[in-house]
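Note sheet for the following structure.
Per chain, numbering begins at 1; letters A, B, ... match sequence-line order. Excluded from the calculations below are hydrogen atoms, water molecules and symmetry mates; all remaining heavy atoms, backbone and side chain alike, are included.
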Number of protein chains: 2
Amino acid sequence: MITTSDIVLGANAERSRSHNRGMVLGQIRLAGRIGRADIARASGLSIQAVSNITSDLLEDGLIVDRGRGTAGRGHPPVLYALNPDGGYAIGVEIRPDAIFAGILNLCGETIASERWSLESTDRDTITQTLLRLRDHIVTKAGISERKLLGAGVVMPGPFGATGLSDSESDLPGWEDVAPGRWFAEHLGMPVLVENDANAAAMAERISGIAQSLDTFAFLYFGRGLGLGVIANGRLMAGAFGNAGEIGHIPVPCAGRTVPLESVVSRLSVQRALQQQGIDAPSTADLDRLFAAGDPVLMTWLDTAAEPLSAAITILENLFDPETVILGGALPQSILEHLVGRIRLSGRSVSERADRLHPRLMTGASGRLTATLGAAALVINQAFVPKIADLP
Amino acid sequence: MITTSDIVLGANAERSRSHNRGMVLGQIRLAGRIGRADIARASGLSIQAVSNITSDLLEDGLIVDRGRGTAGRGHPPVLYALNPDGGYAIGVEIRPDAIFAGILNLCGETIASERWSLESTDRDTITQTLLRLRDHIVTKAGISERKLLGAGVVMPGPFGATGLSDSESDLPGWEDVAPGRWFAEHLGMPVLVENDANAAAMAERISGIAQSLDTFAFLYFGRGLGLGVIANGRLMAGAFGNAGEIGHIPVPCAGRTVPLESVVSRLSVQRALQQQGIDAPSTADLDRLFAAGDPVLMTWLDTAAEPLSAAITILENLFDPETVILGGALPQSILEHLVGRIRLSGRSVSERADRLHPRLMTGASGRLTATLGAAALVINQAFVPKIADLP
DNA sequence: CTTGAATGCTCAATACAGTTGAGTTAATCG
DNA sequence: CGATTAACTCAACTGTATTGAGCATTCAAG
């Protein structure tokens, strides 16, 4: 991800305002409907300040008046909520063979989605295809281009040449360019670039099961296995933007030590099926096989449970998340089976009586998870305070 | 750690100032000696704003004028540096059998340290002992109490009752109290509470080998094995303050899968030695055995290398840190031997050509690492922007 | 039903902190 | 030696948030 977003450090009047605007929007998102006095209490700002900011937001169409509150005595508050039509974000996922795109509104609802095939992955082809795809999907969604907040782009990681680079999954022709800047220039809007797992994790936070969670880990079944960690509401990116490569950690499996994604991933189950002559290229295929109780698939699930459980113990003890979420390009049925099947270790910091959420949950599934997550990255930007801080 | 520090969200004039002060101090610390124009460029503030802030800091005695710069043409800048005497922090480490304390100055230099035995771990005994110890060490260091910025306290984790709770290492009598608030009230100063590994990691950043690193992982050899992760200059705490319990993750060792700290920790080496009738309670004992090439110790080192290497691969792929640092209550000689002995996996996001630092390094070692780290937590506060942000 | 307390909110004045623009000083370069 | 570059200061300005007075609306107690 090459940490694009300009890291601004000092606070001044302008940046304070933008910071507070993001905060107020975040509070409104979190609460659903909320009055100004409550926002002020939650944010440590004066009522007057919140009042000024909300009237700005109202004028900009980002929030709407949603009636009066009732509880208790005293003057009932005016309640505000996000305006779904207040802004939109495009999400784009670039794969070696296709481009996926989707549009999310400010409330995180999907407005449109598309899949276009790619003949080549060179920069020109991708850029031209993307421009046409953008126009197409914006028209299809019937929204005004002015209301686009930006675009999120998901590309195969890891970024830069690392020990995990792998010509099969990487995009040739993109090694020597910063994709964030490239797309920002060509699309003419702010662009965030992330890997699939991080984007999918953000989707859970914006419109999924993790809307009220600040610290969680998301295990993403893509081609391999990815991890997105959100800590205190922020994506954990790592020094070079490559954090979360969980697929490559060594885990025990049937007495041996193997890389996690060699036994727990979409590719691994498809390989296991193929060895028995079963072809299951799509998520729907897998769903069908699962519903039919296919023995090869069931055996794979049994085998995968142990290393997956080990991986979750590792995640819990290293990150101490509120929960671990399983999602991505496997059918919901299989994800749910895995969640039910896995015996979580008792030797974990996550084994505590005062938990508010289960240790393991299923999140969004299906092929579009990462694409919509890319858009969620942009939507999230609106809700996050802007004064970045580095020591 | 019970995330004490009041999480303020909104920005106003007062908080902006304090934020910018922290930022400017952080820049000065990072650079060593720096002029106002450079600070302005690094922070995105105007020269005038930086000028106002530095003159405040100068007046408060936090920084000092350190002559003029020379390079290039134009008016040479006035260079500022941290004033070591500008402030002090007390670090305290509470163990079941003793209290350690140390004092650090603003530059992270150790001014004094002490070890006092404990007869009991009940709240009263510890609190009373701590108050006397504080007075004693402040007198010994010969500093003014007014210049104390606060205290950092290291206590055995994990915090709260979890699946890892273990009556042998926990402190009885502290389950139902928030230690941060308790100590803040009784010591009459701001208090930060952390576990040993996190504190030690912060020590590396304030006065150790990681002074210019923003994202790194610190493997801490205490009783067991702990992990402190600093990401973007902040400690990664986890949802319940228990992140970094790396000692309990499953790793392969000699064909079996075991909890990491059962084979890689001070306790594990001491147990191995004891089984052969060798008693080595202190760090110095271990150093002596290592220098003598003791065969039991050497065998243990050989055995530990494989699981430790696996753990480092996990850390690298999950956190993508700039480096991994080994430190804590083992002699420097053994840490260095381990760093040299470990064969790092090539299948890691950290295996990249453009690295600025080695993948594995040794940090501070010895019994006081965590104690001084506790003080470093407080010193660090001075250097960090204050506008906290939660979405 | 009246009165008072509690609560949400507005308006106008104020304060704080950073920015801007016009100098001043001090070094290097040609 | 003059032109140029760069750091810095001074004073006026601007943007945001805060403060305090006051109004509106609701509930509850008498």
Side-chain angles (χ1 to χ4, degrees), chain A residues 8-25 27-28 31 33-60 63 65-80 385-387 389, chain B residues 8-25 27-28 31 33-60 63 65-81 385-387:
Chain A
V8 172
L9 300 144
N12 56 21
E14 183 190 343
R15 268 147 19 197
S16 290
R17 174 64 121 180
S18 142
H19 175 91
N20 289 346
R21 250 176 91 108
M23 258 205 22
V24 168
L25 271 175
Q27 295 290 346
I28 295 174
R33 294 166 82 216
I34 190 172
R36 282 169 280 195
D38 278 341
I39 298 176
R41 276 185 287 268
S43 64
L45 292 172
S46 62
I47 292 188
Q48 186 57 53
V50 172
S51 213
N52 294 337
I53 291 167
T54 49
S55 94
D56 262 24
L57 294 172
L58 207 54
E59 211 166 282
D60 294 351
I63 60 176
D65 182 329
R66 284 276 296 274
R68 311 283 163 278
T70 65
R73 68 175 157 189
H75 193 157
V78 176
L79 299 179
Y80 293 103
K386 301 302 180 303
I387 300 182
D389 35 13
Chain B
V8 171
L9 300 143
N12 57 20
E14 182 190 343
R15 262 135 38 186
S16 289
R17 174 65 118 177
S18 141
H19 175 91
N20 289 344
R21 251 176 89 111
M23 259 206 20
V24 168
L25 272 175
Q27 295 289 345
I28 294 174
R33 295 166 79 217
I34 190 172
R36 281 168 281 193
D38 278 341
I39 298 175
R41 276 185 289 267
S43 63
L45 293 172
S46 63
I47 292 188
Q48 186 57 53
V50 173
S51 213
N52 294 337
I53 291 167
T54 49
S55 96
D56 263 23
L57 293 173
L58 207 53
E59 211 166 283
D60 294 351
I63 60 177
D65 183 328
R66 284 276 297 273
R68 311 283 162 278
T70 66
R73 66 177 160 187
H75 193 157
V78 176
L79 298 180
Y80 294 102
K386 302 301 180 302
I387 300 182

* Asked: A/Asp56 CG to D/dG15 C1': how many Å, rounded?
  -> 12 Å

* To do: Return the nearest nucleotide to the side chain of A/Ala13; candidates are D/dA7, D/dG15, D/dA17.
  => D/dG15

* Candidates D/dT16, C/dC16, D/dT18 - which lies nearest the side chain of A/Arg17 -> D/dT16

* Side-chain touch B/Leu79/B/Ile34, heavy atoms, less than 4.5 angstrom -> no

* Asked: What's the closest nucleotide to the A/His75 side chain, out of C/dC16, D/dT18, C/dG8?
  -> C/dG8

* Asked: Rounded to the Å, how far apart are A/Ile39 CD1 and C/dC9 C1'?
  -> 13 Å

* Just how far, in rounded Å, is P of C/dG8 from CG of A/Asp65? -> 16 Å

* Structure fact -> The nucleotide from D/dC8, D/dT18, C/dC9 with an atom nearest the side chain of B/Pro77 is D/dC8

* Asked: Under 4.0 angstrom, heavy atoms only, what part of the nucleic acid is B/Arg68 near: base, sugar-phosphate, or nothing?
  -> nothing

* **Proximity to the side chain of B/Pro76 - top-ranked nucleotide from C/dG18, D/dA17, C/dA27** => C/dA27

* Send over the distance from B/Ile47 CD1 to C/dG23 C1', rounded to a whole Å. => 14 Å

* In terms of side-chain geometry, is the basic nitrogen of B/Asp60 or B/Arg21 positioned less than 4.0 Å from the acidic oxygen of its partner? -> yes

* **Value in whole Å for how far the P atom of C/dG18 lies from NE2 of A/His19** => 15 Å

* **A/Arg73 vs A/Ile53, nearer the 5' end of DNA chain D by closest nucleotide** => A/Ile53

* **B/Leu9 vs A/Gln27 side-chain heavy atoms within contact, under 4.5 Å** => yes

* Asked: To the side chain of A/Arg36, which of D/dT9, C/dC9, C/dT19 is closest?
  -> C/dC9

* Look at the side chain of A/Gln48 and the base of C/dC9, then say whether one donor and one acceptor between them are separated by less than 3.5 Å. => no

* Assign B/Gly69 to base, sugar-phosphate, or nothing according to its heavy-atom contacts below 4.0 angstrom with the strands shown. => nothing

* Asked: In terms of side-chain heavy atoms of A/Asn12, which of D/dC8, C/dG18, D/dA17 is nearest?
  -> C/dG18

* Asked: Given atom CG of B/Asn52 and atom P of C/dT20, what is their separation to the nearest angstrom?
  -> 14 Å

* When you match A/Gly35 and B/Leu45 each to their closest nucleotide on DNA chain C, which lands nearer the 5' end? -> A/Gly35

